[in-house]
Enquirer: 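My questions will all concern the structure given below.
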Number of protein chains: 2
Amino acid sequence: MRVVNTKGKKFRVPDATILRLPLYLDKLILLQQAGVKEVSSRQLATSLDIKASQLRHDFHYFGGFSKPGRPYQVDKLVPALEEIIGVDVPVPMIIVGAGHLGQGLANYRNFERLGFPLRGIFDVDPKLVGLEIRGVPIRPLSEMTAFVKEHGIKVGVLTVPVNVAQDVANQMVAAGVVGIWNFTPTDIRTPPQVIVRNERLAVGLMCLSFKTKRIGQTEELRGD
Amino acid sequence: MRVVNTKGKKFRVPDATILRLPLYLDKLILLQQAGVKEVSSRQLATSLDIKASQLRHDFHYFGGFSKPGRPYQVDKLVPALEEIIGVDVPVPMIIVGAGHLGQGLANYRNFERLGFPLRGIFDVDPKLVGLEIRGVPIRPLSEMTAFVKEHGIKVGVLTVPVNVAQDVANQMVAAGVVGIWNFTPTDIRTPPQVIVRNERLAVGLMCLSFKTKRIGQTEELRGD
DNA sequence: TAGATTGTTAATCGATTAACAATC
DNA sequence: TAGATTGTTAATCGATTAACAATC
């Protein structure tokens, strides 16, 4: 990825920087909600367990978030990052699979705030169809394709049982979805232009396992 | 982290390698379930969008997963990685907060398989108390502290409303939990010896947003 | 002014890749 | 044997950190 910063210089922004931007925004939104007005690179970096120089180096690719000598203004930084990440451009979304996980995600208020308005929820279970979650009705899966086309849905959250994951993903793609947030513990195959983000709960758990179990291990095994 | 590999040489294993181990294991378990017996570094790497040489380099720190000329045996590699990651040592776990998200996670069968047997579910809501999920009853939150102490619970999954997250986390820590898997969209403060893994759904969504929106951008902005 | 802070560059550090001998 | 594959090292590449002038 390349950007043109405020002084007209071109930079290739490293992937590592790109991946940190959402973390910065997430933390800044929390600060904003807590009523914090100013934050220094040092404070923000410390709260994220990184070095202040790294944070400034990251921001430097985009340029002009503050002036030398002045800390960052939270209310200016938040919208600036939102624009860079693309959160300010709404992307209509649906959830497919209204089991507990799907319903739990549907209740997650931040989606709208992050530019992903929830437009529909779909399930095959007739007992669920008709229920509403935060004003969004659960519809029969058979109506999904037409709904995606009619409402220009771009992203689908996949929270169906594993055994139907690929089949439902195929339907999403055929209907026109360009991004899939996959919560099922399996791989789904899609055409290259469709972006899949696998939210592998197993991986998160194993990372925790790894760290948890290193507690109490010997110096020999723990190192640094 | 330092390890001693099979030939007695010591290596400092890079963090980047450590973070990939769960991805390897996750993929290998899928292959195993699909009945695949052998896999080459090339096949496995391709399916994970990395280079084969990187995968072999990663494995090299631990040594001896195969022999030159022979591909990896899935049935040997899986337990080897499980041991390295620590999945083979069970860590009893509870879920605190039995809303949709908590119930969705409780239904996730892989927990046991990954060494995290679910021993209890807790909630304040009397309507939920007494329900069972996969044989595990939902208990009143007031019983959590005693339960953690009695059953030697090590890890707690935090799926309570944001406004009580810190308070509940404090109770968990006081009771003796050493790892918290935090699904609430807020920071929780814990003593340094307690490991917190934040499962920030917002961050995953923003990463998807970032990628989704780069589709169709100009070359100027997209670069390579 | 003095202390704090950013923007920016250069130096250090770590991670990835290529290459190939050894092996099946 | 010929082709495929791993284990292993060295070379390349990219990311992090330190340092400090400029600024408030």
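The figures here come from the full heavy-atom set of this structure, side chains too, leaving out hydrogens, waters and symmetry mates. The sequence lines fix the lettering, A, B, ..., with proteins before strands; numbering per chain opens at 1.
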Enquirer: Name the stems with DNA chain C in them: runs of three or more consecutive Watson-Crick or G-U pairs, distances under 3.5 Å?
Expert: C:3-24 with D:3-24
Enquirer: Tell me which residues in residues 28-42 of chain B put a heavy atom below 4.0 Å from DNA chain C, sorted by number, or none.
Expert: none
Enquirer: Name the pairs: protein N/O against N/O of nucleotides 21-24 of chain D, kept only if under 3.5 Å.
Expert:
unit_1, atom_1, unit_2, atom_2, d
D/dC24, O4', A/Pro68, O, 3.4

Enquirer: For D/dT8 and B/His60 - does any side-chain N or O of the residue sit under 4.0 Å from the phosphate oxygens OP1/OP2?
Expert: yes
Enquirer: Mark up nucleotides 10-18 of chain D, 5' to 3', with B wherever a protein heavy atom is under 4.0 angstrom from a base atom, S wherever such an atom reaches only the sugar-phosphate, and - elsewhere.
Expert: B----SBBB
Enquirer: Are B/Met206 and A/Asp26 side-chain neighbours, meaning at least one heavy-atom pair lies under 4.5 Å?
Expert: yes
Enquirer: Name all residues meeting the salt bridge (charged side-chain N to carboxylate O under 4.0 Å, His left out) criterion together with B/Arg197; count only those two or more places apart in sequence or in a different chain, and write none if there are none.
Expert: B/Glu199
Enquirer: Decide yes or no for A/Val96 and A/Thr159: does some side-chain heavy atom of the first lie under 4.5 Å from some side-chain heavy atom of the second?
Expert: no
Enquirer: Let me have the donor-acceptor pairs involving side chains of residues 46-56 of chain B, under 3.5 Å, with sequence neighbours excluded, atom names and distances please.
Expert:
unit_1, atom_1, unit_2, atom_2, d
B/Thr46, OG1, B/Arg42, O, 2.6
B/Ser47, OG, B/Leu44, O, 2.8
B/Arg56, NH1, B/Ser41, OG, 3.0

Enquirer: So, B/Asn107 and B/Gln103: side-chain donor and acceptor under 3.5 Å apart, yes or no?
Expert: no
Enquirer: For A/Phe59, which contact category applies under a 4.0 Å heavy-atom criterion: base, sugar-phosphate, or nothing?
Expert: nothing
Enquirer: How long is the gap from CG on B/Leu28 to NZ on B/Lys76, to the nearest 0.5 Å?
Expert: 14.5 Å
Enquirer: For the residue pair A/Trp181 and A/Phe183, does the interplanar ring angle fall in the parallel (under 30°), tilted (30 to 60°) or perpendicular (over 60°) class?
Expert: perpendicular
Enquirer: State whether the number of non-hydrogen atoms from other residues, nucleotides or ligands found under 6.0 Å of A/Glu83 atom CD is greater than 12.
Expert: no
